[in-house]
**Q** 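What follows is a single structure, and I will ask about it in a moment.
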Amino acid sequence: MRKVISINNGWLFCYQYVPGMEKKNDFEEFEEVNLPHTNKELPYNYFDEEDYQKISCYAYPLEVTEEYRNRKVFVHFEAVMAYAKVYVNGIYAGEHKGGYTPFDIDIADKLDFAKKRNYICVVADATERDDIPPFGGEIDYLTYGGIYREASIVLYDDVYIQNMKVETYKVLEDKKDVCVKLYVKNDCDETKKAKVAVKLIEESSESLIYEKSFECNVKPGEGMYEFNAEGISGIRLWDIDNPNLYEVEAYLSWDGSCSLCKGDGSCDCFKDRIGFRTCEFTTMGFFLNGKKLKLMGLNRHQSYPYVGYAMPKRVQEKDADILKNDLHVNIVRTSHYPQSRHFLNKCDEIGLLVLEEIPGWQYIGGAAWKEVAKQNVREMVERDWNHPGIILWGVRINESADDDEFYTETNKIAHMLDITRQTGGIRCRKRSKLLEDVYTFNDFVHEGVNGPLRDQQEVTGLDHKVPYMVTENNGHMFPTKRFDQEERQVEHSLRHLRVQDASFRDDSISGTIDWCAFDYNTHKDFGSGDRICYHGVMDMFRIHKFASYVFKSQVSPEKETVLEPVTFWTRGDRNIGDFMPLVIFTNCDYVEFKYGDNEVKKIYPRREEYKGIPNPPVVIDYSVISREEAGEWGELWENAYFAGYHNGKMVIERKMSKNPLPTELKVEVDDNMLTASEKDATRFTVKVLDQCGNIMPFIDEIIKIKIEGPLKLQGPDEVVVKGGAIGFWVETLNKVGTAKVTVDSARIGQSVHTITIQ
Ligand code: GAL
């Protein structure tokens, strides 16, 4: 039976590799680190991006025990940026190009059983080598260095399952079929008579739904063996509201049968999760399980302040959670590369659809570069083909020019490996040749006054409709900081609203995935000059900008009531000293508004204007409140009161003060309980609130963060709130205990939190 040994703790690290380092026998002067690891902790903004573009060296002291003897031994990396060369005891063992996909290196014959300590050494090259995508041209994001995902050692017997693909058929019928494809390697020089047992277990109830045994002859070398299980009943479909998951376990035994397969002998087992669902992009939109679903989503970069990509499981999962359960979108695009398996697993668990794509940004390199890109398609599909959440493969370099030969190949690879999903390829040029199943287009047409989205045939140049989806909009057309002036934030929100509304109005558009979920660090050639692209509907700490409420307010009020006025509530932040039009993102039936002592106004959502989107906003303008009532520049400023009604009942209220004063330092932590066994992390958010509980957008308060106990702060321990709020993450150090985190502001007070690390 295979054995997987996690090797995330206790790596030794040197930021600057010096040739010959891989041959060392001791790494005493190296720093001890845990994975996921970034090769350089960076400032929040204004840094030199070349700081992480280094060749670094990692070493892992491996104790080779007797159980390694006569077995296949692989070291498995989930991702290393971007060119990794692996050595064992100074001997070259293998390498991998590409910073976003996993790889295995066979190290069995390099191990020295006589040595107490063997060293696995990784030379991790994070420079922008032009033979590896996405490099070669300019890129609007950073590709932080290091072994930034997890690693393990895997021991196998002579026969083992390299991968498993599970396909589901007759999904919408009562009795469903499953085809399990096992990719098996037989390292003996004879054919093995094997038994295969396939089990299907419902994850929520842990009950065994189906079990079947097969016999097969496993030939020497690599081969794919198919097993069909038919007529399975009692299956619940996977969809975005009920993401029912099933575990598939495949046991392969030979030379007799092993205990797990009811006997004894040699055995291997492969487990993965699946869901039963159908998905199809058509000329009439997208269909999930045969039902039409308008896709509304956001693009996600997997980056974070300070540590770049190197965030552990919990934080990766949290992003999926924010997208699905806070912003209430139904699809995410993993722009512009395959992302952490933890993120994708969470998407499966909570019912968030995914468009996953290969690494790249506008630039197409030469022959060697293209080979790596094609390999990226293979590695992405082979890693992720069982995720029910993934509904489309992106097999073009984001926004690159047409290259029919290259993209015919990438499409062919994806289709050959996976016949169950359509392909897309994200372009920004009109009339680009459609080689994929779905025309996926970044439509940046909207400039505020014109139409929000193009007609698909104007884009494709075809004389007929094709399956079509918008994969980006807004972004650089209207960058907006969370601490920008109110008027700009109103327009930022309205632009996202108009685009989404237009998408809902056009049946031939499957949906739109806006640019983007979170602000992100970028190269000097992009963004606001401070190495940040402020294109998110949330900031880098995942704190809301007003535009995020466009998405959030589309949720059903039965799930969560939303009432978010896009205002700082001032007389003088906007030009000409006015607070109108006051846009309120809400899913209520109507909103009551009271300004000072004036009469209460009842206002309904702007359905005539926004005919598409499920929940249009409420807008307060001079048709609602007269100029005399509202007053003007130079007149007294008053309090505001908003109440949202649903089914005749008041369900939510908000107050705004005419005289806001810093009243509360609101500090929240995502998790109070963390894991000690491996690197874990959680986020704190810090907000300065007024007496009505509203963020104070222009306060520059110094925040001091003090940690006592076994936790490490990511980033500096003294920060300034930006736009009234800031966040930070703390990470564990493989020690159990209790940690105290004190967040202190001289003016507003202190907040103390206890975190248990188990
Ligand atoms: C697109 C690109 C994205 C991002 C965006 C900004 O062209 O695909 O990565 O740069 O522009 O709006």
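In what follows, every heavy atom counts, from backbone to side chain, and hydrogens, waters and symmetry copies are set aside. Remember, it's 1-based here, ligands and their atoms both numbered in the order they're listed.
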**Q** Are any non-hydrogen side-chain atoms of Leu352 and Val329 less than 4.5 angstrom apart?
**A** yes

**Q** Where does Asn442 meet ligand 1, judged by heavy-atom distances below 4.0 Å: at the side chain, the backbone, both, or neither?
**A** side chain

**Q** What pairs with Asp700 under salt bridge (charged side-chain N to carboxylate O under 4.0 Å, His left out), at least two apart in sequence or on another chain?
**A** none

**Q** Examine Gln362 against ligand 1 and note whether any of their N/O atoms are separated by less than 3.5 Å.
**A** no

**Q** Side chain, backbone, both or neither: which part of Asn398 has a heavy atom under 4.0 Å from ligand 1?
**A** side chain

**Q** So which protein heavy atom does atom 7 (O) of ligand 1 come closest to, and at what separation?
**A** Glu399 OE1, 2.5 Å

**Q** What's the shortest distance from atom 12 (O) of ligand 1 to any protein heavy atom, and which residue and atom give it?
**A** His476 ND1, 2.6 Å

**Q** Distance to 0.1 Å, residue and atom name: give those for the protein heavy atom nearest to atom 4 (C) of ligand 1.
**A** Asp140 OD2, 3.3 Å

**Q** What do the steps show when you test Arg429 against Asp402 for salt bridge (Lys or Arg N to Asp or Glu O under 4.0 Å), and what is the final call?
**A** CA-CA 9 Å; Arg429 290 157 215 241; Asp402 276 6; over 6 Å; no

**Q** What atoms of ligand 1 come within less than 4.0 Å of a heavy atom belonging to Gly475?
**A** 12 (O)

**Q** When you look at NZ of Lys433, are more than 12 heavy atoms from neighbouring residues, nucleotides or ligands closer to it than 6.0 Å?
**A** no

**Q** Against heavy atoms of His535, which atoms of ligand 1 measure under 4.0 Å?
**A** 6 (C), 12 (O)

**Q** Name the one of Arg542, Arg531, Lys545, Lys481 that satisfies salt bridge (charged side-chain N to carboxylate O under 4.0 Å, His left out) with Asp519?
**A** Lys545

**Q** If you define the side chain from C-beta out and look only at heavy atoms, does anything of Phe483 sit under 4.5 Å from Asp539?
**A** no

**Q** Would Phe526 count as a contact residue for ligand 1, given that I'm defining contact as a non-hydrogen atom of the residue lying under 4.0 Å from a ligand atom?
**A** no

**Q** Determine whether Arg427 and Glu472 satisfy the following criterion, salt bridge (Lys or Arg N to Asp or Glu O under 4.0 Å), listing intermediate values before the conclusion.
**A** CA-CA 10 Å; Arg427 65 258 284 156; Glu472 286 183 37; over 6 Å; no

**Q** Can Phe444 be said to touch ligand 1, with heavy atoms closer than 4.0 Å?
**A** yes

**Q** Just to confirm my output: which protein heavy-atom neighbour is closest to atom 11 (O) of ligand 1, and how far is it?
**A** Glu472 OE1, 3.5 Å

**Q** Only heavy atoms of His336, strictly under 4.0 Å: list the atoms of ligand 1 that pass.
**A** 3 (C), 8 (O), 9 (O)

**Q** Does any N or O in the side chain of Glu356 come within less than 3.5 Å of the main-chain N or O of Trp393, such that one atom is a donor and the other an acceptor?
**A** no

